[in-house]
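First the structure, in the form of structure tokens, and then the observations on it.
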Amino acid sequence: MAGLVVSGTQVSYIGQDCKEIPEHLGRDCGHFAKRLDLSFNLLRSLGGLSAFGSLEELILDNNLLGDDLVLPGLPRLHTLTLNKNRITDLEHLLNHLAEVTPALQYLSLLGNVACPNELVSLEKDEEDYKRYRCFVLYKLPGLKFLDAKKVTKQEREEALVRGAFMKVVKPKASSEDVTPSPEYNYTPLPSASRELTSHRGVLGKCRYVYYGKNSEGNRFIRDDQL
């Protein structure tokens with residue numbers, strides 16, 4: 001099968017310009033694959049993943065996956081990378097992952113609008129990214145690594161206290177804005193992640209807090225102060 005590389009339980013089908021997961025891939029490899037790399041394709045859906053029930057690692061970098069992304073239940077999946085796709089709705093994605101990937105420990109979303117940093121917008125800064133990390137860890141407390149960076153004890157504690165207030169509003173962007181600049185390429189997995197087994201402030205009502213970077217002193221403004 002052209003483009004297919006199999007090494008033990010690791011399956012790679014990289015750079016084949018496929019828009020969906022080929023049926024033959026699941027039929028031939030789904031029963032034994034623990035690591036699946038589908039990076040640098042044109043994937044818009046993940047319908048064929050249901051054949052890969054034993055996956056522990058899934059690499060989907062540099063595809064065209066958006067907010068309609070649907071994963072099947074993958075109870076053993078501990079590593080998921082979605083770098084450089086078209087994901088904008090962070091909360092929707094995290095709610096879905098919490099439901100279908102209960103064992104997830106490593107997640108990377110770099111290069112998506114949902115991950116606010118200078119890779120996708122020069123308007124974003126370090127504070128935007130810190131708020132993003134806090135919200136992700138609030139939603140997925142089992143993570144050990146986020147975007148190739150180890151989760152610290154301090155981040156975990158802050159997520160418990162403030163994570164619920166760090167919600168990032170889905171940006172209202174044109175289709176041109178959703179796709180990050182093509183000059184940023186990501187490798188499927190940083191080497192550090194191989195040992196797993198051994199972000200724009202908002203003025204909200206109710207439980208949300210404003211963290212706008214231009215507010216005086218970056219103070220918290222809550223409902224009873226409005």
Any ion pair linking Arg133 and Glu155 (charged N to carboxylate O, less than 4.0 Å)? yes

Would you give the length of the straight line joining atom CG of Leu38 to atom CD1 of Ile14, rounded to the nearest 0.5 angstrom? 8.5 Å

Strictly distance-based, threshold 3.5 Å: is any side-chain N or O of Asn112 a donor or acceptor partner for the main-chain N or O of Ile87? yes

Can you name the closest pair of heavy atoms from Gly53 and Pro75 and give their distance? O-CD, 4.3 Å

Yes or no on side chain to side chain contact (heavy atoms under 4.5 Å, CB included) for Leu64 and Leu43, after CA distance, side-chain angles and deciding distance? CA-CA 5 Å; Leu64 303 176; Leu43 294 177; over 6 Å; no

Full working for side chain to side chain contact (heavy atoms under 4.5 Å, CB included) between Leu107 and Leu97: CA-CA 10 Å; Leu107 175 66; Leu97 294 181; 4.0 Å; yes

With Leu60, which of Thr81, Leu82, Asn41 fulfils side chain to side chain contact (heavy atoms under 4.5 Å, CB included)? Leu82

I need the minimum non-hydrogen distance between Leu4 and Cys29, along with the two atoms involved. CD2-SG, 4.2 Å

In short, Leu55 meets Leu49 closest at the heavy-atom pair CD1-CD2, 4.0 Å

Less than 4.5 Å apart, any side-chain heavy atom of Glu57 and any of His78? yes

Below 4.5 Å, heavy atoms only, C-beta onward: do Leu69 and Leu93 meet side chain to side chain? yes

For Ala159 versus Leu137, what's the shortest heavy-atom pair and its separation? CB-CB, 3.7 Å

Distance col, row Arg44:CZ vs Lys19:NZ, nearest 0.5 angstrom, shows 7.0 Å

Please determine whether residues Tyr13 and Val6 belong to a single hydrophobic cluster, defined as Ile, Leu, Val, Met, Phe, Trp and Tyr linked transitively by side-chain heavy-atom distances below 4.5 Å. yes

Group every Ile, Leu, Val, Met, Phe, Trp and Tyr by side-chain heavy-atom contacts under 4.5 Å, then state whether Val100 and Leu140 land in the same group. yes

Carefully, step by step, assess Phe32 and Val11 under the rule side chain to side chain contact (heavy atoms under 4.5 Å, CB included). CA-CA 9 Å; Phe32 68 82; Val11 177; 3.9 Å; yes

Here the gap from His96 atom NE2 to Asp89 atom CG, rounded to the nearest 0.5 Å, amounts to 12.5 Å

Where Arg27 and His24 come nearest, the two heavy atoms and their spacing: NH2-CB, 3.1 Å

Nearest heavy-atom contact between Ser45 and Leu65 is N-CD2, 3.8 Å

Determine whether the side chains of Asp37 and Ser39 contain a donor N or O and an acceptor N or O closer than 3.5 Å. yes

Using only atom types and a distance under 3.5 Å, with no angle test, would you say the side chain of Arg35 pairs donor to acceptor with the backbone of Ile59? no

Is the closest basic N to carboxylate O distance between Glu91 and Lys139 below 4.0 Å? yes

In the structure I gave you, are the side-chain heavy atoms of Leu109 and Leu90 within less than 4.5 Å of one another anywhere? yes

If you apply the rule side chain to side chain contact (heavy atoms under 4.5 Å, CB included), what do you find for Arg156 with Val151, and how did you get there? CA-CA 7 Å; Arg156 202 175 298 283; Val151 175; 3.4 Å; yes

Once rounded to the nearest 0.5 Å, what's the spacing between atom CG of Leu110 and atom CG of Asn85? 11.5 Å

Pair Asp147-Tyr129, side-chain donor/acceptor within less than 3.5 Å: yes

To the closest 0.5 Å, what do you measure between CG (Leu80) and OH (Tyr106)? 10.0 Å

To the nearest 0.5 Å, tell me how far Leu25 CG sits from Leu36 CG. 6.0 Å

Can you find a heavy atom in the side chain of Thr79 that is under 4.5 Å from one in the side chain of Leu77? no

pair Leu58-Phe52: side-chain heavy atoms closer than 4.5 Å: no

